[in-house]
2 protein chains.
Amino acid sequence: MRKSNETLASLIQVSYCLFAEHGIAKTTYTMIAKRVGIAKPSIYYYFDSKDALITGVFDELCKAIEFPAFFELEQFIEDNFVENLIAVGVKMIDEQDKDPYFKRVLQEYMLLATRDQDFSKRLLALQKDYLSGFEALLEKASMLGLLKNKDNLVAKAHMLALILDNIGNFMMFDEQIDYKQIWIEAVHSLFTKEETDENETTNYRI
Amino acid sequence: MRKSNETLASLIQVSYCLFAEHGIAKTTYTMIAKRVGIAKPSIYYYFDSKDALITGVFDELCKAIEFPAFFELEQFIEDNFVENLIAVGVKMIDEQDKDPYFKRVLQEYMLLATRDQDFSKRLLALQKDYLSGFEALLEKASMLGLLKNKDNLVAKAHMLALILDNIGNFMMFDEQIDYKQIWIEAVHSLFTKEETDENETTNYRI
DNA sequence: GTCTATATGGGGATAGAC
DNA sequence: GTCTATCCCCATATAGAC
């Protein structure tokens, strides 16, 4: 007999994967129980209902997201600002490449959120953090005099956030696009280009 | 007795709405039949199975999208290029505001597409058209000498496309953001700013 | 905490009359 | 084309033993 915690963790992990593979609505207790390796009714020991399970998986997802300050404002200084910002984006793109489940499951919950106040509120809160992160970043860049233009910082920050976010969505089902280059263009479009070698600005390298 | 065409149209229309309201997987023949005002088995006269219905709705959706040249390249000339491009985006934003169902249903199918080759192919084709539209546009802008920088036109075009697309997604569940301003910033970030009155560039008006 | 057995409801789908 | 009646299956969920 395994410890309850293990089963619970496995239950959530397995559900998460199945949600990505089949969608939340089409994932059944039968599938979950089978893959976890327990009997179907055992799930009810941990979750009173399927809705509870769906919420439970969402809770874990939120914890995992909560950009644990996915970028540190302090480490952005005048010298490395643009490179750093590009690196952050490239890193996020690479991570999404590794975990294609994440965006899918998140999209599932986004759709649920359009019909459920609770999910909606919590996703909005996450989104707000995400957006403010970029706002703070651009504010700092502005104060350092790194931006081409100081107007409408908020809109510019949101622009960057929207791009990075949607790169993840597009990656879900289109492999052909040069996402890193898009991100680089987006960043360069806002920042004063420090004069470097032509080749370096046109072709990125990691 | 109504004509078959009417019933079919109603069937698709109602399904489309229910798909948006409840999600595809949770929309049942019972719901559809009730709202259309026919008996449940009557649906089978038009669609052999629920999968067939789902595909049928998708067919209609695709027809509706196929950006019937959602912007005309010819009408973009040197004098009005930026304004026109902004207007196109603002128009799309306004339209999404009017039909909040559209993006939701599309997202539903996007998720289906991650698990179904057929949907995937067809959505990719649509996406490609959408992206090439922006590519052609920026190419023209570049030849007219309207861009700040002629490098990586494709990436820049994709950047614009990603932004406009994700504005639609965000609008699904966040009303608070100034989407039009984001779009304006995105466009301005690529184009050489013609010198106009300060106020006009910082605050848009329709 | 996990099991077997079982209840219940509603989903997609068919048969066949009109 | 649309209906009524009906079938089957499987999903969520419960009861109660171990």
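Lettering of chains follows the sequences in order, A, B, ..., and the numbering in each one begins at 1. What you are looking at is a predicted structure, and each value in this text was computed from that prediction instead of being measured.
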Approximate separation, where rounding is to 0.5 Å, of [X] [atom1] and [Y] [atom2]:
X      : Y      : atom1 : atom2 : answer
A:N169 : A:L164 : CG    : CG    : 10.5 Å
A:F170 : A:I182 : CZ    : CD1   : 8.0 Å
A:L123 : A:Y109 : CG    : OH    : 10.0 Å

- Task: Check the pair A:D97, A:K103 against salt bridge (charged side-chain N to carboxylate O under 4.0 Å, His left out), reporting the backbone distance first and the verdict last.
- Result: CA-CA 10 Å; A:D97 233 356; A:K103 264 285 173 178; over 6 Å; no

- Of residues 12-28 of chain B, the positions that come close to DNA chain C - non-hydrogen atoms, cut-off under 4.0 Å: B:T27, B:T28

Rounded interatomic separation in angstrom, taking [atom1] from [X] and [atom2] from [N]:
X     : N      : atom1 : atom2 : answer
B:I43 : C:dG12 : CD1   : P     : 9 Å
B:M31 : C:dG11 : CE    : P     : 7 Å
A:Y46 : D:dT12 : OH    : P     : 19 Å
B:L53 : C:dG12 : CG    : C1'   : 12 Å
A:I54 : D:dA11 : CD1   : P     : 14 Å

- CA sep, side-chain torsions, deciding dist, call: B:K180, B:D94, salt bridge (charged side-chain N to carboxylate O under 4.0 Å, His left out): CA-CA 9 Å; B:K180 291 176 186 174; B:D94 283 338; 3.1 Å; yes

- Check step by step if salt bridge (charged side-chain N to carboxylate O under 4.0 Å, His left out) holds for B:E108 and A:R115. CA-CA 13 Å; B:E108 291 272 340; A:R115 300 160 205 136; 2.9 Å; yes

- Which pair of non-hydrogen atoms, one from A:A155 and one from B:Q181, has the smallest distance, and what is that distance?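 Taking every non-hydrogen atom into account, CB-CG, 3.7 Å.
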
At under 4.0 Å, does any side-chain N or O of [X] touch on OP1 or OP2 of [N]?
X     : N      : result
A:S42 : C:dG1  : no
B:T30 : C:dG11 : yes
B:Y45 : D:dG1  : yes

- With A:D116 via side-chain contact (heavy atoms from CB on, under 4.5 Å) - residues at least two apart: A:D118, A:F119

- I would like to know whether B:E95 and B:K98 meet salt bridge (charged side-chain N to carboxylate O under 4.0 Å, His left out); could you show each step before the answer? CA-CA 5 Å; B:E95 268 168 20; B:K98 275 187 232 149; 5.7 Å; no

- Note on the structure: In B/S/- notation (B base, S sugar-phosphate only, - none; protein heavy atoms under 4.0 Å), nucleotides 13-18 of chain D written 5' to 3' is BB----

